[in-house]
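If you read the sequence from its start, that first residue is 1, and numbering goes on from there. A quick note: this is a predicted structure, and the numbers were derived from the prediction, not measured.
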Amino acid sequence: MADEVILLDFWPSPFGMRARIVLREKGVNFDRREEELLSNKSPLLLETNPVHKKIPTLVHNGNPVCESLIIVQYIDETWGPESPLLPSDPHERARARFWADYVDKKIIPAARTTWGSTGDAQEAAKKEYIEGLKVLEGELGDKAYFGGDRFGYVDVSLIPLYSWFYALETLANFSHEEECPKLVGWAKCCMQRESVAKSLPDQHKVYDFMLEFRKKRQAK
């Protein structure tokens with residue numbers, strides 16, 4: 001019997017994009033279900049993720065898996081062991097997890113504040129965001145991907161943010177290309193992969209969403 005794989009998702013979420021990318025990297029057929037996070041969460045989401053009530057939530061043969069990086073590791077361990085996303089060496093594996101955690105704790109929060117704020121708060125967040133990207137650029141160095149020649153765990157963790165680049169640049173008046181050219185080159189390389197290109201939404205669509213979200217929040 002074929003696996004039943006359901007992904008509860010929200011299209012502009014970089015966390016949801018991670019799950020989409022890895023499922024496609026591994027060639028897993030899945031039923032992607034869009035959640036109305038801002039208004040009405042589905043009964044399935046509330047049932048399968050009762051603690052956080054957040055996407056992404058992966059439901060594999062009725063068993064839920066929550067939190068994007070945990071989902072990525074679950075998919076990596078469950079399907080396609082011949083092409084692992086995490087290195088086999090324990091130290092390299094720990095290093096990859098460190099940088100994915102850095103993305104979650106430093107980069108994404110600063111990016112959110114950058115597009116969601118104005119004035120001094122936005123300038124401070126933008127500075128923190130760009131500094132964080134420069135640290136990642138230093139870790140990337142001259143490699144094709146963060147793990148070397150193979151697309152892997154850190155790449156999956158960070159590349160969804162590429163769909164936010166246009167919105168961030170437009171709302172905060174800066175250029176990723178000028179600040180972090182190697183990182184932009186890496187992102188364009190990742191976008192050559194079908195799994196990534198199919199999973200990331202159009203940057204202008206993301207900008208429109210962020211603009212509308214900001215207006216609604218400011219109107220409250």
May I ask you to check whether Tyr129 and His176 place their ring centres under 6.0 Å from each other?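 Yes, the ring centres sit under 6.0 Å apart.
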Side-chain touch [X]/[Y], heavy atoms, less than 4.5 angstrom:
X      : Y      : value
Arg193 : Ile159 : no
Tyr74  : Glu67  : no
Pro160 : Ile21  : yes
Ser42  : Arg33  : no
His60  : Val65  : no
Lys54  : Phe15  : no
Val5   : Asn29  : no

Counting heavy atoms not belonging to [X], are there more than 12 under 6.0 Å from its [atom1]?
X      : atom1 : result
Lys105 : NZ    : no
Asp31  : CG    : yes
Asp149 : CG    : no

Which pair of heavy atoms, one from [X] and one from [Y], lies closest together, and at what distance?
X      : Y      : result
Tyr145 : Cys189 : OH-SG, 3.7 Å
Asp104 : Ile108 : OD1-CD1, 3.9 Å
Glu177 : Lys188 : OE1-NZ, 3.7 Å

Do any pairs count as a salt bridge (charged side-chain N to carboxylate O under 4.0 Å, His left out) and have a residue in residues 73-86, sequence neighbours left out, and if so which ones?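 Matches after skipping sequence neighbours: Lys26-Asp76.
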Pairs involving residues 158-176, ordered by first then second residue, that meet salt bridge (charged side-chain N to carboxylate O under 4.0 Å, His left out) (sequence neighbours left out):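 Checked against salt bridge (charged side-chain N to carboxylate O under 4.0 Å, His left out) - neighbours excluded - no pair reaches residues 158-176.
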If you round to the nearest 0.5 Å, how far is CG of Leu8 from CG of Leu44?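 Between Leu44 CG and Leu8 CG, I get 5.0 Å after rounding to 0.5 Å.
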Please enumerate all residues that pass side chain to side chain donor-acceptor pair (under 3.5 Å) together with Glu34, with sequence neighbours excluded.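 So Glu34 forms a side chain to side chain donor-acceptor pair (under 3.5 Å) with Arg32.
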Tell me every residue that passes side chain to side chain donor-acceptor pair (under 3.5 Å) with Thr114, counting only those two or more places apart in sequence or in another chain.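 Not a single residue meets the side chain to side chain donor-acceptor pair (under 3.5 Å) criterion with Thr114.
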With sequence neighbours left out, write down each residue that passes salt bridge (Lys or Arg N to Asp or Glu O under 4.0 Å) with [X], or none if nothing qualifies.
X      : value
Asp155 : none
Lys126 : Glu123
Lys143 : none
Glu47  : none

Chi angles and distances behind the side-chain contact (heavy atoms from CB on, under 4.5 Å) call for Arg18, Val103: CA-CA 12 Å; Arg18 288 172 175 173; Val103 171; 3.7 Å; yes
Would you please name every residue forming a ring pair (Phe, Tyr, Trp, His ring centres under 6.0 Å) with Phe30, sequence neighbours left out?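 Ring pair (Phe, Tyr, Trp, His ring centres under 6.0 Å) list for Phe30, sorted by chain: empty.
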Under the rule for side chain to side chain contact (heavy atoms under 4.5 Å, CB included), what residues qualify as partners of Ser163, not counting sequence neighbours?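 Testing Ser163 for side chain to side chain contact (heavy atoms under 4.5 Å, CB included), a comparison that skips the adjacent residues, returns Met17, Leu200, Pro201, Val206.
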Could I get the full list of side chain to side chain contact (heavy atoms under 4.5 Å, CB included) partners for Arg97, not counting sequence neighbours?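 Arg97 satisfies side chain to side chain contact (heavy atoms under 4.5 Å, CB included) with Gln73, Leu86, Arg93, Tyr153 once adjacent residues are dropped.
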Any donor-acceptor N/O pair, Lys198 side chain to Ser195 backbone, under 3.5 Å: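 Absent.
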Under the ring pair (Phe, Tyr, Trp, His ring centres under 6.0 Å) test against Tyr166, which residue among Tyr207, Phe209, Trp115 passes?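 Testing Tyr166 for a ring pair (Phe, Tyr, Trp, His ring centres under 6.0 Å) against Tyr207, Phe209, Trp115 leaves exactly one candidate, Tyr207.
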Mind jotting down which residue pairs meet the ring-ring contact (aromatic ring centres under 6.0 Å, His included) criterion with at least one end in residues 34-54? Sequence neighbours excluded, please.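 As it turns out, there is no ring-ring contact (aromatic ring centres under 6.0 Å, His included) pair with a partner in residues 34-54 once direct neighbours are skipped.
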Are any of the side-chain nitrogens in Lys106 or Glu131 under 4.0 Å away from the carboxylate oxygens of its partner?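 Answer for the salt bridge query: no.
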Looking at Glu35 and Lys53, is any side-chain nitrogen of the basic one under 4.0 Å from a carboxylate oxygen of the acidic one?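 Salt bridge between Lys53 and Glu35, a charged N being under 4.0 Å from a carboxylate O: no.
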